[in-house]
There are 2 protein chains.
Amino acid sequence: MKPTLQTVADRVGVSRSTVSNAYSRPDQLSPELREKILDAARELGYSGPNPTARSLRSGRAGAIGVLFTTALSIAFTDPYAVQFLRGLAEVAEDNRTGLLLVPLRDDDEGALEAVRNAAVDGFVVYCVPGWYKAMEAAWARGIPVVNSDHFGSLFVGIDEIASTRAAGEHLMRLGHRRIAIVADYISPDRRTGEVSVPSVEGLGSYVSRERLTGYRDAFAAAGLPWSDVITISAAGNSREHGAAAAAHALDRSPRPTAVVATTDLLALGVLDALAARDLRPGRDVSVIGFDDIPDAAQAHMTTVRQPALERGRIAGRLLLDPPDDPADRRVVLPTELVVRASTGPAPAGSN
Amino acid sequence: MKPTLQTVADRVGVSRSTVSNAYSRPDQLSPELREKILDAARELGYSGPNPTARSLRSGRAGAIGVLFTTALSIAFTDPYAVQFLRGLAEVAEDNRTGLLLVPLRDDDEGALEAVRNAAVDGFVVYCVPGWYKAMEAAWARGIPVVNSDHFGSLFVGIDEIASTRAAGEHLMRLGHRRIAIVADYISPDRRTGEVSVPSVEGLGSYVSRERLTGYRDAFAAAGLPWSDVITISAAGNSREHGAAAAAHALDRSPRPTAVVATTDLLALGVLDALAARDLRPGRDVSVIGFDDIPDAAQAHMTTVRQPALERGRIAGRLLLDPPDDPADRRVVLPTELVVRASTGPAPAGSN
DNA sequence: GCCAAGCTCTGTATCGGTCGAGATGGCTGT
DNA sequence: ACAGCCATCTCGACCGATACAGAGCTTGGC
């Protein structure tokens, strides 16, 4: 039989409450008695109050649930995700709170079960499309949900549209007119290949929708109709998927003079595809990513920088201490277009 | 007021137990009643039994604690760690169990608190030196602890010594005599630089101790005394730290003909250091890593392959369903020396 | 026609703590 | 001497569920 508070209380000859106080409120009893109690506990092999029982009574789970779409291996392969998680972990640690990973491999009954059965004080959602049933389940829990998308009243994100609009304008200034966009979650079956996206607004994935919108607007302002832009679906957010998707753009004739991607990981894949074809980034084909992960700098890649670490931190703070003022419950962080060597003027005679 | 089982029970006019059964044991009541109950729950906004209360009564937390030494950002930067975690997550998911991350930034009171207060059914320890107080705290909890080191009765690992001995023998066959070893956790202050390790057995870090032992034994068998081997401490397990440590070896005169590292991440850093000096891996300097992460293959690096994914899976299984037979509670997985282009004969006249 | 066996559902104890009000007793101030 | 106060400890209710024994009613076999 495992020792409980009562076991220790009986041993020392005090009440259960007092033993509880010895752990949770040291100021509520004399230091001598506290020492005596802790000694007895050590002797009995009692290692402190049962976390579950404590949670039940105090109403605090002591953990934040982290909702992922993708498989763990993919999610943590993206340095952006890792940075985000790190910011979150920092804040969590400062608040004596743990992180409970809830990977949503599929949007099936098992995932719903996992969401419903997670002992957490709230959820941080990392790139889960809004149509997932698991999101509803998280909502139904009646605990705070911090999103990077538009769902929910707690939100931390960036102005996605303005960010890619700036990137698009950069391309326009450079004279590009034949452009391909590589993005995840833009085809229903999530396969690699060219897809037609007549209505950007209709996309279910918040991130892809917004980022494509920004590009579309920038192109439109320069007189380039959306129907002239090649949209290519990637089957996942990884370098490999980016390269595979880029192939569908680069092997066309005439070749696009610029290939942009919705994440750096995909864009790095595009660079890989260029290299495999002996094409020079920024000369033969311009490339733009999104996130500004360390590898982007190393690859001299033009991209949009967003504060991943800070985003994680704020997500944690929003969750653990939701502001009363609704205006403060939605945080929009600044981004910055980082121009590097992967973008350059459209090759002469390309139009 | 949030709805509880009782709220739903009152609404439908059944007992609390029956509502509980509707969720947890569908076979214990008629399908019609169950439907009625679930409908009422939906109507009341009740999203299922409170996870914490359920855990308390049933004695199952529904989560595995994952203990890390390093900062989250580092831990997840290592593909080996991610693979391990992925294997663990797989098994956890199959058992309707979550993963609670418990990063041990420092070995301080806060970390102890986190370990003691984690609502988990057991801990999986990932590369935490045995001297950490947090390990004791985990032990004291009286729940299963799966280690990759020698501590605890539940263990999943590899024969570290035999693995590096094989790598060492490979070097000996190639004729190397001037050798440097880059390792983490071999200096008390964990700084970068050459350190003297007179007694390998005295090292506190299990992994470094074992891996160095294997090399030492292989060298000794070929007549190369340990005192002739240069041991260099890396300040952390990353490519950058590996490169910094390698500098201390490569800038010596005479230069070592081989630099081995205790992890692939460190070894990749060594390769970076070679490149920075226009030295050719496998020709001017041979390099060996450990783990066989994907980047190792891409870098044509000789290394020891260990089954990271499988290791994670087995850790999960050992934890969730500890075998009765003590012999089955310690699993040793096979490793394999993968020879690639980063190792070659010692340069002529190097002795 | 009768008793054992099933199927459903109920009732009570219990999981292991924390919470808030209140009891106790020594000390101070007047 | 007495009220008031602080520091210290106790008491009983409660957090929200699950476990287990058993009650009531229908079946089925002989």
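The model shown is predicted, which means the values in this text are computed figures rather than measured ones. Throughout, a chain's letter reflects where its sequence line sits, starting with A, and its residues are numbered from 1.
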Using the C1' atoms of the five pairs at each end, what is the angle between the end axes of the helix from C/dG1-D/dC30 to C/dT30-D/dA1, to 10°? 30°

Under 4.0 angstrom between A/Arg60 side-chain N/O and D/dC15 OP1 or OP2: no

For B/Leu56, which contact category applies under a 4.0 Å heavy-atom criterion: base, sugar-phosphate, or nothing? base

ring-ring contact (aromatic ring centres under 6.0 Å, His included) contacts in which one or both residues fall within residues 13-37 of chain B, not counting sequence neighbours: B/Tyr23-B/Tyr46

Specify whether A/Tyr126 and A/Tyr80 have parallel, tilted or perpendicular ring planes, treating 30° as the upper limit for parallel and 60° as the lower limit for perpendicular. tilted

B/Tyr23 near the nucleic acid: base, sugar-phosphate alone, or nothing, with a heavy-atom cut-off under 4.0 Å? nothing

Covered region of DNA chain C, 5' end to 3' end, by chain A [heavy atoms, under 4.0 Å]: C/dG16 to C/dC19

Step through the shown structure and confirm whether more than 12 heavy atoms of other residues, nucleotides or ligands are within 6.0 Å of CG on B/Asp328. yes

If you take all heavy atoms of B/Leu99 and B/Ala92, which pair is closest and at what distance? CD2-CB, 4.1 Å

Indicate whether OP1 or OP2 belonging to D/dT8 is found under 4.0 Å from a side-chain N or O atom of A/Ser30. no

Looking for any heavy atom pair under 4.0 Å, which part of the strands does B/Thr18 touch: base, sugar-phosphate only, or nothing? base

Keeping B/Ser20 on the side-chain end and B/Arg16 on the backbone end, is there a donor-acceptor pair under 3.5 Å? no

Polar side-chain contact B/Ser24-D/dA17 base: donor and acceptor under 3.5 Å: no

Distance-minimising heavy-atom pair for B/Gln83 and B/Ala308: CB-CB, 3.6 Å

For B/Arg25, which contact category applies under a 4.0 Å heavy-atom criterion: base, sugar-phosphate, or nothing? sugar-phosphate

Would you check if the side chain of A/Arg141 reaches a backbone N or O of A/Val115 as a donor-acceptor pair within less than 3.5 Å? yes

Report the C-alpha distance between B/Leu33 and B/Thr18 in whole Å, list the side-chain angles of each, state the deciding distance to 0.1 Å, and finish with yes or no for side-chain contact (heavy atoms from CB on, under 4.5 Å). CA-CA 9 Å; B/Leu33 181 55; B/Thr18 303; 3.8 Å; yes

